[in-house]
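What follows is a set of notes on a single structure, which appears directly below.
One-based numbering, in listed order, for ligands and for the atoms of each.
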Amino acid sequence: MREILLALPGREQSYRIVLDPGLRHRLGAELAGLQLSPRLFVVADARVARLYAEDVLAALEAGGTLPQLLTIPPGERTKSWSMARRLARRLLALGADRTCAVAALGGGVTGDLAGFVASIFLRGVPFVQVPTTLLAMVDAAIGGKTGVNLPEGKNLLGTFHQPRLVALDPEFLQTLPRRERLNGLAEILKAGFIRDPDLLSALDAHRLGLFEDPEALHYVIFRAAEIKAQVVAADEREADTRRILNFGHTLGHALEAASAYRLPHGQAVAWGMVFALELSTLLAGLRPETAQAGRRLIRACGLARRLPSLDPAAILAALPHDKKRRDRDLVFVLLEDAGRPVIHRGAPLPLVREVLGRLMEMNPACQDKRV
Ligand code: ADP
Ligand code: ZN
């Protein structure tokens, strides 16, 4: 068993992030120490519920809680205001009061939605994260961000609501589809690039064989979760420290938007990291060999191999910049070296366009669409 204690400055309550294979069978015991009410509402999407609800509910009952399962449909569309409202009304119909607690069993969608509901239901009830995707284990479940999407964009309604426990059971990953594994791998790579060259070496030593090597898998999950926790603890609410978690995400988000969210988050972030590595050689003094090694590693992990044919103008338009101030507001997280990020403001738009053009030339699907 490995564990991290996440202590947020100025908060009485710290919480544990526990990683232990088979932990889902011992969840009841883990929760027993938290002094929560026995009324625990477990939110899971239908697919995850089919796979794991039985194990988890049995473990919770064995620990003395009275768990009730609330299922939601799988998929990003579920992260909506109307679903949050529906969940809250189901909680009321089941007699939930302000002493109850909510647990999320699932990926980032479930965690963000259930956390959002927990944060506002009767002005907030305790919340527990049991992430089942790699992405949620190393990223979404840690740090207390919750939210739902609006038609205008993702996560536009949300809160900060720290969980009381984050329970990581890597055995959940055995049933996780490849596409979802790759999404999580991108965030682990990100953690390595911003904080830990040794994590990059570990990924390089295993690449996609990682999922067949439990020891190595547990190590990289734990290390990435720890890095996320450290960054969040240093800066709970988004100032510059937390911003380094956006490495690869500025362009990544623009690619997701330009693809109408067909490009999975991890793939978009992987392309965003390839882009940021290249831009770092031009604006942050990153050695070209380091950028090249980084790019090779990202590809060796099954990421950033094929970009769907996207309109470069749409990508540039989706970058967060103020049209009147032109390139003033282009903010990128760049690297001076592996593990040494810098927040760079005001990258010249023509340079961004040029690097993006090179990225798309490397990609057969985009040969026809020059920047
Ligand atoms: P993310 O963490 O990437 O935001 P989502 O919550 O969107 O993930 O979940 C992605 C998909 O993976 C959903 O369809 C969900 O039902 C499924 N899923 C989540 N965890 C598992 C698992 N351990 N095994 C199989 N499928 C899973
Ligand atoms: Zn991300």
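- With contacts defined as side-chain heavy-atom distances shorter than 4.5 Å, the pair P131/V166 qualifies.
- Remark: the K145 side chain and the N155 side chain contain no N/O donor-acceptor pair separated by less than 3.5 Å.
- Ranked by closest heavy atom to atom 8 (O) of ligand 1, the top entry among G108, G266, G184 is G108.
- Ring centers of F247 and F332: at least 6.0 Å apart, outside the cut-off.
- A donor-acceptor pair shorter than 3.5 Å cannot be found between the side chains of E76 and Y261.
- Ion pairing between a basic and an acidic side chain is recognised when a charged N comes within 4.0 Å of a carboxylate O; D139 and K228 show such pairing.
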Can you give each donor-acceptor pair under 3.5 Å made by side-chain atoms of residues 199-209, sequence neighbours left out, with the distance rounded to 0.1 Å?
unit_1 : atom_1 : unit_2 : atom_2 : d
S201   : OG     : P197   : O      : 3.1
D204   : OD1    : R207   : NE     : 3.0
D204   : OD1    : R207   : NH2    : 2.7
H206   : ND1    : A202   : O      : 3.1
H206   : NE2    : D213   : OD2    : 3.2
R207   : NE     : D204   : O      : 3.3

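- Set against the non-hydrogen atoms of E180, the atoms of ligand 1 under 4.0 Å away are 3 (O), 10 (C), 11 (C), 12 (O).
- Of all atoms in ligand 1, listed by their number and element, those nearer than 4.0 Å to a heavy atom of L135 are 1 (P), 2 (O), 3 (O), 4 (O).
- Using a 4.0 Å cut-off to heavy atoms of Y52, the atoms of ligand 1 that qualify are 23 (N).
- For E289, the CD atom sits in a packed shell: over 12 heavy atoms of surrounding residues, nucleotides or ligands are nearer than 6.0 Å.
- The residue among V109, L176, L113, T78 with a heavy atom at the shortest distance from atom 6 (O) of ligand 1 is V109.
- Taking distance alone, with nitrogen or oxygen atoms compared against 3.5 Å, F172 approaches ligand 1 more closely than that limit.
- Protein N, O or S atom count below 2.8 Å of the Zn ion (ligand 2): the structure gives 3.
- The closest donor-acceptor contact from the side chain of T290 to the backbone of L286 lies at 3.5 Å or more, if one exists at all.
- Of the N and O atoms on the side chains of R39 and Q68, at least one donor lies less than 3.5 Å from an acceptor on the other residue.
- With atom 16 (O) of ligand 1 as the reference point, the heavy atom nearest to it among D45, L51, T133 is part of D45.
- Side chain of Q129 to backbone of A167: no donor-acceptor contact under 3.5 angstrom is found.
- At the shortest separation from atom 25 (C) of ligand 1 among protein heavy atoms lies T175 O, 3.1 Å.
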